[in-house]
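The structure appears right after this line, and notes come after that.
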Amino acid sequence: MTLSNQFSRRRMLKGLGACVALPFLESVYPNAWHAKSSSQAPQRFACLWMPNGVHPEKWNPAKLGSDFELSPILSPLKQVKNKILVLGGLMNKNSISRFDGHYTKTANFLTSMPIERTVDAKVNSGGISLDQLMANHIGKDTMFPSLQYGLDRIKSGVDKAVGFTRLYGGTISWQSPTQPCPREIDPRMAFDRLFRNHIPGKKPLPPDPHKKSVLDLVMEDAKSLEKQLGIEDQNKLGEYLDAVRAVEKRLDNPKNLADFEAQITPDIRKELERMDIRIDEWAEYAEGVDITEKARLMIDIMVLAFWSDASRIATFMYGNSVSNRNFSFLDGVHGGHHAISHHKNDPRQMDQYEIIGRWHIEQYAYMLERLNGIKEGNGTLLDNSMILFGSGLRDGNRHSPYDLPIVLGGLGGHKLASGQNLYFDQETPLANLYMTMLTAMDIEVDTFADSTGPFCELLT
Amino acid sequence: MILLGLLPAFISADTKDDLEFRRTVRSLLRKHCTSCHNEADKKAGVNLDRFDFVVHVIRSGELFQKVVKVVEENTMPPPTNPPMSQADKDTMLAGILKILEKALAKPDPGPTIMRRLSHREYRYTIKDLLGVEFDALKYFPAEASGGEGFDNQTGVLYMTPLLMERYYLAADSVLTQVRNDPALWQQLAPRSYRAGPLRHFTNWWKGKISDRKVYWRKPVNIAEDIILPFANKAYRRFLSIDEEQELMSLFENIYFEEWRKKDGFEIAILTVFKKIMVSPSFLFRMEANLPINDPYPVNNFELASRMSYLLWSSMPDQRLLDAAYRENLHDPKVLRREVLRMVKDTKFDRFSENFAPQWLGVQDLIFSSKTDHEKFPEFTTSLRMAMYTEVVEYFRYIFTQGNLLQLIDSDFGLLNKELATHYGVSGIEGTDFQKVALKESNRGGVLGMGAVLVSTSLPERTSPVLRGQWVMEQILGESVPPPPPDVPELEAAKDQVHDELDLRSLLELHRQPSSCMPCHKKMDPIGFGLENYDAIGRWREFYGTVPIDSRGELEDGVVFNGPEELKEVLLSDKEKFAENFSRKLLSYALGRGVEFLDSHTIRDLTNQLIENNFNGPELLVALVNSYPFRYRRSDLADRYKDNKL
């Protein structure tokens with residue numbers, strides 16, 4: 001294909017190596033962690049969320065325990081098979097709704113609570129999402145408490161048929177039950193936001209010495225306005241104040257900035273340079289055309305964020321709920337994701353459904369392999385991560401919320417008994433897995449949503 | 001003993017109305033409705049067994065309006081149940097209507113919370129304030145919609161850290177652009193100041209003899225003349241003394257640090273501008289919240305902002321501000337004059353750009369489409385953009401020079417060459433959009449527009465169900481309930497020459513099961529009427545070699561064949577369209593969903609439309625004059641403490 005010719009020619013000219021499937025990279029310890037062993041390295045969490053469910057018969061591996069064979073859809077994970085947990089039988093009971101097949105299973109994927117049926121005024125996810133809960137505890141140790149990425153613009157409009165705003169279909173991260181987190185979908189903007197001033201060879205942005213004065217002043221403004229407002233307006237202004245505070249936090253602390261600068265090792269710098277070029281190339285040749293490359297770019301930005309400790313928490317949505325992405329670019333597929341997920345048990349449709357599911361796992365495997373290729377302490381970055389892959393539905397044709405497709409990659413700081421295929425009793429809360437992860441991260445909470453406790457069998 | 005006897009009266013506080021409600025309406029609901037519509041078994045999601053107080057009925061006003069409607073139309077009780085006697089019907093309807101009308105007797109403008117500028121509004125406000133083009137929709141994280149499907153609804157306009165970062169960067173970027181454009185900068189800051197050699201010497205000398213920071217009046221005076229007018233425009237109101245002082249303090253702090261630099265003055269001015277542009281008073285449309293129990297009219301400047309954001313998606317211009325300052329903007333004569341002036345202004349284009357695509361649900365087409373490019377290579381980006389533009393151009397034309405019924409059908413279109421060729425209309429040249437007669441071309445109105453037809457299709461084929469649902473929701477304002485979660489499988493299509501051949505028979509199967517029929521018999525026929533338009537909106541007569549059958553039969557027995565006849569059917573129920581359009585427009589104007597308490601406003605706007613022959617500007621005049629547009633209620637009042645609309 002012409003595209004790849006142009007890519008490799010450019011790289012040849014720049015004298016850089018290929019960028020997919022990186023060799024084992026050494027990471028020089030950032031100063032702060034010199035004395036720590038790998039289990040004391042910070043834990044990372046990411047969630048990759050897929051819409052529309054999976055082919056129900058091709059998802060679960062056959063044997064249980066550690067001696068299992070990967071199923072057809074999970075086959076791309078063979079390089080990291082010993083570091084994943086395939087978990088069956090889990091569900092969010094609060095997803096069940098008489099009204100709707102998708103939104104009530106998407107927005108609450110990480111909150112495990114029932115969402116409020118509304119088109120605008122009463123948007124409510126029922127609870128804080130897992131990633132934001134983690135960010136509340138460990139987010140202050142990094143430049144960016146958490147990151148939210150996606151591939152598509154959030155779908156606009158309201159779904160009058162079911163009575164929900166499509167906001168629910170594009171949000172899995174909730175700072176609070178009434179505060180959704182917006183996603184970044186543009187690789188260039190996401191990359192620049194984290195690393196703009198650290199890209200070798202690129203002139204850093206001019207300094208902004210008066211930023212703090214400006215932000216201080218608008219904070220004062222807002223606080224004095226607050227007194228004159230009613231309750232609802234005060235809530236809105238409260239959002240504003242929180243937002244300004246969050247931006248100020250990054251400015252306020254010169255120690256944070258210096259720490260971050262020190263964490264950008266030469267290896268990371270090289271990778272930043274490569275990414276910068278890759279993003280330019282993608283924007284020039286493949287934007288709007290190559291969704292696989294876009295997904296990989298966003299994944300690589302998350303990997304870089306974890307590697308450089310810019311952030312430790314990230315969520316990623318492959319698409320909006322009910323996504324009808326045209327997957328005809330895959331061999332053997334003709335049509336849109338949502339349409340194919342309503343396969344009506346037609347074997348031809350189900351084959352395509354399987355291929356699409358596998359494509360999602362391929363990108364997930366890409367992320368796990370990248371993390372596994374970065375040395376950290378006595379192991380790899382993947383050993384200190386918990387990367388969740390899942391969907392709020394099992395079989396898209398039946399909108400089934402039971403027995404969700406869930407994979408948890410990474411060793412969680414050697415706290416997870418990984419490398420197994422497990423099946424829990426039907427209707428076991430997914431929130432139990434979340435409690436398990438919170439425990440692995442040493443975050444103490446009484447409970448999470450409808451959890452009945454963590455899975456002690458999974459914790460070493 | 002006496003006390004115990006009085007106890008129930010204290011606890012329940014039943015009013016006369018409550019008792020009457022229970023005696024009449026509630027007992028009838030229990031007799032005819034609650035066997036299906038109860039707590040345990042909420043058929044269609046409706047529970048009519050929970051109403052004991054009139055206050056609760058009013059809170060579910062919309063639901064009871066629906067109850068009235070289905071009882072009046074004899075849709076309920078359903079045919080499988082014994083019908084209501086005329087006496088029961090009359091009593092129930094009279095009872096409910098009495099309660100609803102009493103509730104509506106005291107006008108209520110609905111909740112008004114401070115509204116952040118939507119991305120579209122930000123873009124145009126920047127354009128009008130500074131003269132710079134800024135692609136806010138691309139730069140800021142994408143946002144969802146609410147209410148009747150618009151992105152300017154208060155409930156979904158959040159402020160998040162990510163957005164705040166971007167606002168700051170945006171202000172930076174925009175101001176840099178202005179600074180680098182001599183013409184634009186000149187307008188903003190006609191005068192400048194540079195410290196001359198004498199000033200440098202004086203300051204050096206003063207620095208030697210004392211520790212105090214330097215200060216002198218001249219640059220501050222010049223700066224005041226630049227900053228304060230800008231702030232007035234940006235905040236869309238006059239500033240308080242405190243606010244003015246705060247801005248000038250900021251200027252002084254920055255200037256007296258940077259004064260030695262050649263452009264120190266400009267740096268300080270720009271910093272203050274930046275502060276203004278990330279202030280809540282710029283980013284939000286704030287209105288005074290007075291400690292008054294009853295709703296009160298918004299002040300003139302607030303009204304001016306409401307008008308300009310409705311009609312121009314942007315800040316008021318100088319003439320509107322002058323009218324707000326000097327005249328009584330609430331005076332119907334003044335309102336009318338200003339609205340008509342604003343509609344004639346080119347900035348009114350933005351109304352079409354923002355309202356029309358969102359109303360028709362085609363707003364995402366400007367970014368992308370799911371259409372399969374291999375199957376439809378003719379569907380280029382350029383064609384897609386042309387389809388989007390057609391919607392905006394057509395809407396603008398009929399709003400300013402036609403009438404709104406032409407949305408459903410007309411004998412002309414606004415096309416450019418590419419789109420005309422796509423539609424099979426010849427003789428049009430050029431990339432500009434022009435008015436084209438469409439007498440015999442099977443087009444005319446939104447149902448024949450590429451944007452609509454593409455948005456209601458699947459990547460590889462048409463979907464009569466999607467199209468039918470679209471017409472019902474966007475044109476008629478009828479919402480179709482969702483499919484049940486566990487849709488049973490349809491039999492697989494047998495192998496046919498052409499995929500779509502079996503579409504009609506496949507969909508016929510939709511109507512067989514009794515659970516699918518009630519909704520699909522409403523939607524599918526409409527979609528069939530549009531089957532002559534393929535998945536990218538081209539006209540076709542055949543599926544392969546089999547002629548297309550575009551007949552449809554509606555529930556009430558009305559039969560039509562093809563889009564022309566379908567449009568006639570739609571036009572025959574003008575009132576439904578008028579009411580739907582009024583709802584959509586009201587939601588767009590108020591920034592919230594339309595609720596029960598807006599019933600009278602909707603009724604008035606609907607009547608207005610019909611009486612004025614669907615004239616667009618007259619509708620806007622009526623809207624701006626309407627009660628919820630000019631009044632607000634305070635958040636502080638006791639009455640709304642337990643507010644659960």
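Chain naming here is simple, since letters A, B, ... match the order of the sequence lines and numbering starts at 1 in each.
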TODO: Please flag which part of L237(A) lies under 4.5 Å from any non-hydrogen atom of chain B: side chain, backbone, both or neither.
DONE: both
Task: Short side-chain donor-acceptor distance under 3.5 Å, S328(A) and D372(B) - done: yes
Open item on the list: Can you tell me how far apart CE (M114(B)) and CG (D233(A)) are? Round to the nearest 0.5 Å.
Closed with: 6.0 Å
- [ ] Starting at OG1 of T371(B), measure out to CG of N326(A) and round the result to the nearest 0.5 Å.
- [x] 8.5 Å
Open item on the list: Donor-acceptor pair, distance only, cut-off 3.5 Å: does the side chain of K236(A) make one with the backbone of L157(B)?
Closed with: yes
Open item on the list: Quick check: do P182(A) and L162(B) have side-chain heavy atoms less than 4.5 Å from each other?
Closed with: yes
TODO: Start with the C-alpha gap between S279(B) and D221(A), add the side-chain angles, then the distance that decides, and say whether side-chain contact (heavy atoms from CB on, under 4.5 Å) holds.
DONE: CA-CA 8 Å; S279(B) 259; D221(A) 259 1; 3.2 Å; yes
- [ ] Heavy-atom distances under 4.5 Å only: say whether S400(A) touches chain B with side chain, backbone, both or neither.
- [x] neither
Task: Leading residue by heavy atom contact count with chain B [cutoff under 4.5 Å; candidates V119(A), T165(A), T178(A), V123(A)] - done: V119(A)
- [ ] With a 4.5 Å cut-off on heavy-atom pairs, point out which of R115(B), E287(B), K138(B), E258(B) contacts chain A the most.
- [x] E258(B)
Open item on the list: Quick check on Q175(A) against chain B: is it the side chain, the backbone, both or neither that has a heavy atom closer than 4.5 Å?
Closed with: side chain
Open item on the list: Rounded to the nearest 0.5 Å, what separates atom CG in D159(A) from atom OG in S145(B)?
Closed with: 11.5 Å
Open item on the list: Using a 4.5 Å heavy-atom cutoff, which residues in residues 270-277 of chain B come close to chain A?
Closed with: T271(B), K274(B), K275(B)
Open item on the list: Does atom CD (E478(B)) have a neighbourhood of more than 12 heavy atoms from anything else shown, all under 6.0 Å?
Closed with: yes
TODO: Give the minimum heavy-atom separation between F144(A) and E165(B), together with the two atoms involved.
DONE: CE2-OE2, 4.3 Å
Task: Closest heavy-atom pair and its distance - V214(A), V278(B) - done: CG1-CG2, 4.0 Å
Task: pair T160(B)-C181(A): side-chain heavy atoms closer than 4.5 Å - done: no
TODO: Measure distances from E243(B) to the heavy atoms of chain A and classify the residue's part below 4.5 Å as side chain, backbone, both or neither.
DONE: neither
Task: Shortest non-hydrogen separation from E460(B) to G335(A) and the atoms involved - done: OE2-N, 3.6 Å
TODO: Sort P145(A) into side chain, backbone, both or neither according to what part of it lies under 4.5 angstrom from a heavy atom of chain B.
DONE: neither
TODO: Using a 4.5 Å cut-off on heavy atoms from C-beta on, say whether the side chain of I113(B) contacts that of N235(A).
DONE: no
- [ ] Pick one of side chain, backbone, both or neither for D186(A), based on which atoms fall under 4.5 Å of a heavy atom in chain B.
- [x] neither
TODO: Would you mind checking which part of H102(A) comes under 4.5 Å of any heavy atom in chain B, side chain (CB onward), backbone (N, CA, C, O), both or neither?
DONE: neither
- [ ] To the nearest 0.5 Å, tell me how far M164(B) CE sits from E248(A) CD.
- [x] 9.5 Å
- [ ] Locate the shortest heavy-atom distance separating L458(B) from N324(A); write the atom from each residue and the value.
- [x] CD2-ND2, 4.0 Å
Task: Considering all heavy atoms, the nearest P161(B)-V247(A) contact - done: O-CG2, 3.9 Å
- [ ] Please look at Y139(B) and chain A and tell me whether the side chain, the backbone, both or neither of the residue comes under 4.5 angstrom of a heavy atom of that chain.
- [x] both
Task: Contact origin within R193(A) toward chain B - heavy atom pairs under 4.5 Å - done: side chain
Open item on the list: Just verifying a value: how many Å separate L250(B) CG and D216(A) CG, rounded to the nearest 0.5 Å?
Closed with: 10.5 Å
Task: Side chain proximity check, R153(A) to L137(B), heavy atoms < 4.5 angstrom - done: yes
TODO: Check whether any side-chain heavy atom of L229(A) sits under 4.5 Å from a side-chain heavy atom of M286(B), and report yes or no.
DONE: yes
Task: L225(A) side chain reached by S281(B) side chain, heavy atoms, under 4.5 Å - done: yes
TODO: Check whether NZ of the Lys or CZ of the Arg K211(A) lies under 6.0 Å from the centre of the six-membered ring of Y168(B) and within 45 degrees of that ring's axis.
DONE: yes
- [ ] For E239(A) and M159(B), indicate whether the former's side chain and the latter's backbone hold a donor-acceptor pair under 3.5 Å.
- [x] yes
- [ ] Would you name the heavy atoms of V218(A) and P280(B) that are closest together and state the gap between them?
- [x] O-CD, 4.4 Å
Task: CG on N253(B) to OG on S213(A), rounded to 0.5 Å - done: 7.5 Å
Open item on the list: Taking side chain as everything from C-beta outward and backbone as N, CA, C, O, which of these in T112(B) sits under 4.5 Å from a heavy atom of chain A? Side chain, backbone, both or neither.
Closed with: backbone
Task: Toward chain A, the part of Y167(B) with a non-hydrogen atom under 4.5 Å - done: neither
